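Presented below is the structure to which this report refers.
Just so we're on the same page: letters track the sequence lines, and every chain starts at 1. Source: prediction; values computed, not measured.
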Amino acid sequence: MSQYDVIVVGSGAGGGVTAAVLAEAGKSVLLLERGRELSTEAIGRDHLRNQRVSLYGHNAGPDIDGNPRTSDDGRVIRPHEPGYLNNAACLGSGTRVYAAQAWRYMPQDFRMASIYGVPEDSSLADWPISYDDLAPYYEKVEWELGVCGDDRTMYHLPKYKKPYPMPALPLPGKSRVHLKGLEALGWRGLRMPRLINSIPYNDRPACAYCQHCFGFGCPNDSKNGSHNTTIPRALRSGNCELRSQVMARELLTSDAGSVNGLSVVAADGTEEVITAGVVVLSCGAVETARLLLNSATRREPNGIGNNSDQVGRHLQGHYYPGASGLFPDEIYDGLGPGASIATCDFNHDNGDIIGGGMLTDSDVCTPIVVWKSQYPPDAPRWGIEAKRFMRENFRRINDINGPVHEIPHPDGRVTINSKVRDRYGIPVAHLSGTTHPETVRTASFIHERAREWLRASGAIKVWGAAPVLRLSGGQHQAGTCRMGEDPATSVVDKWCRVHSQDNLFVADASPHVTNGGFNPAETIMALAWRTAENIVNSW
Amino acid sequence: MLEPRQVLTLQALVDTIIPEDDYPGGWESGVGDYLLRQLESDLRNCLTAYRDWLDALEIEAERVFRRPFASLDLESRTALLEAIEQGDIKSAWSVDRATFFAQIVEHCTEGFYADPGNGANRDGIAWAMVGFEVTA
């Protein structure tokens, strides 16, 4: 039995920040990660096994065998199969292979229920904190991990106190085409902020503009994730111990409103009990909920923090409505990472539509991405004409799409399926329900705006499937340990502490009451920073 | 694994799905290597379906052209596969068997357009064809 001040479970966007802040404050920290420590070479460039195209597996975990989930239709789902809602399992988790879009949520995103009212059957609610509460932490993330961008173009946000530490990445040719489209429509545009070095920063080089950013590791270490920013900081402090390939089995409690630590199992099957003064869960919205639900106690027989039946509910991700367009001229010039121009004209104030979302063009698409997801449905699929179509048009096709702010439904949720176990014998996550139908209405509205932008940019043909009702989650999973003042309707308080426990915190996207119309990584990091700083201040 | 005669049918099938033009056809670019590797690993559950399908294709070629599929020219092979795709089949095929063609097409093309590490797209020939250049 080992003793630490803090155990942080999970090394993704939230876990990395938490470990760094606490270790640098002098706390002894154990950082646990269920996946492996992977070099960029080990992640590789397999075009069929990555977070973008996962036909046969994942380059960054989890392993496709031994990690199932189940769904209402009776399927036992493997990590690379549809409906699993996968997030990477390796040191750094999703930040190891993400596209590193670095968005602040908008002030309105924290007040969705107040602004729009609550649709029938929805669990739409305001956050108990505001944009102003998070703004100083957004700034910390931008400067300490390193974000490039142009604050003067962020017209949709309150004025920044400090600019970004690095200028925006250069515009690829296709972004210039879409910029003309914005001008033609009279829509405003901005330069996409990214957790990428546009100039040398933090002793690492500038982006090489390669074609394997989203879905892969960075060839020159200029993409900023937990693995090369916060985790090294935590380790350099001398106060943090990192253990990978260790899976949390169950939280252990004193039965008096606090946790003692947790039981874990290593890849070789070794079981261990680790004690700590504070436990922080950063496992992602599905796995954090699973761990809480798998930790039944006498006082909380349905799982820790779950006496109000809130753990696992309100599961959200992002619908990504969009469309593809075919252009008369070649617009692809190979400059990565790709998407550089975005509009936030449709995140809010869309008439009777609830919320909205940011729209941008797509990152560099590999040929198989174009073949699988950007290929016109009426173009030939085999034979000499199919080959010719790819040859003539690969460099003329581009997407416009973006993440829509979901309207949560309480029955979109994670529960436990004790009949199905993972490789360690731990009951797996069961996924059920859908988002609220209002999400589909918003997504359909955004889908039409994507088509408009493509046409205004000069596309001669536009196509794309209309959004349909489903459950989302995946890399942007959120909402399953909702933040709120009232323990009857939420799991954690405004400091992301589980209501029923003195010393148990959540630092991933699970506390997000709603998930914004943006990629969530920078918000996860900012919120984790605020949570960790509060743990230190109230120690 | 596949019988040698089935591999011959497969080769002609791959080169009908991805024919040679200014750039190599599917087989020369390694799609066969990709498929045979996949049928022993990720796609091992499809092996029986492949064997049955290739045998059925030969029976259909015999019924329509009185010749082995691999001895037909590209035009005839294409016409035969278009007929199969549209359900215009002269021998005894189940519906499942006809729709399995769409899966074979996807398996062949994902090999062709994926990274050379997967066994096809030899020397990045498919990427050179479409203009996908890896610079770093």
Practice problem: Would you mind checking which part of Tyr332(A) comes under 4.5 Å of any heavy atom in chain B, side chain (CB onward), backbone (N, CA, C, O), both or neither? | Solution: side chain
Quiz item: Is any side-chain heavy atom of Met1(B) closer than 4.5 Å to a side-chain heavy atom of Leu36(B)?
Solution: yes
Self-check item: Atom group of Val364(A) that falls short of 4.5 Å from chain B, counting heavy atoms
Solution: side chain
Exercise. Could you tell me whether Phe394(A) and Trp371(A) have their ring centroids closer than 6.0 angstrom?
Key: no
Practice problem: Could you tell me how the ring of Phe216(A) sits relative to the ring of His47(A): parallel (under 30°), tilted (30 to 60°) or perpendicular (over 60°)? | Solution: tilted
Exercise. Find the distance between CD1 (Ile384(A)) and NZ (Lys387(A)) and round it off to the nearest 0.5 Å.
Key: 5.5 Å
Quiz item: Where on Arg388(A) is there a heavy atom nearer than 4.5 Å to chain B: the side chain, the backbone, both, or neither?
Solution: neither
Self-check item: Ring center gap for Phe100(B) and Tyr50(B) short of 6.0 angstrom
Solution: yes
Quiz item: Is the Phe389(A) to Tyr375(A) ring centre distance short of 6.0 Å?
Solution: yes
Quiz item: Checking Tyr23(B) against chain A: side chain, backbone, both or neither under 4.5 Å from a heavy atom?
Solution: both
Exercise. Go through the atoms of Glu20(B) and report whether side chain, backbone, both or neither lie under 4.5 Å from a heavy atom of chain A.
Key: backbone
Practice problem: Check whether Val105(B) gets within reach of chain A through its side chain, its backbone, both or neither, counting any heavy atom under 4.5 Å. | Solution: side chain
Quiz item: Would you say the side chain of Glu110(B) lies within less than 4.5 Å of the side chain of Ile368(A), judging by non-hydrogen atoms?
Solution: yes
Practice problem: Go through Ile17(B), Thr16(B), Ile18(B) and name the one with the most non-hydrogen pairs under 4.5 angstrom from chain A. | Solution: Ile17(B)
Quiz item: If you count heavy-atom pairs under 4.5 Å with chain B, which of Cys210(A), Pro367(A), Gly383(A), Ala386(A) comes out on top?
Solution: Pro367(A)
Quiz item: Side chain, backbone, both or neither: which part of Leu43(B) has an atom under 4.5 Å from a heavy atom of chain A?
Solution: side chain
Practice problem: Heavy-atom distances under 4.5 Å only: say whether Gln38(B) touches chain A with side chain, backbone, both or neither. | Solution: side chain
Exercise. Report the option among Asn121(B), Leu81(B), Asp42(B), Thr78(B) that has the most heavy-atom pairs separated by less than 4.5 Å from atoms of chain A.
Key: Asp42(B)
Practice problem: Counting only heavy atoms closer than 4.5 Å, note whether Asp21(B) contacts chain A via side chain, backbone, both or neither. | Solution: both
Quiz prompt | Test item: Arg194(A) side-chain N/O and Ala99(A) main-chain N/O as donor-acceptor pair under 3.5 Å | solution = yes
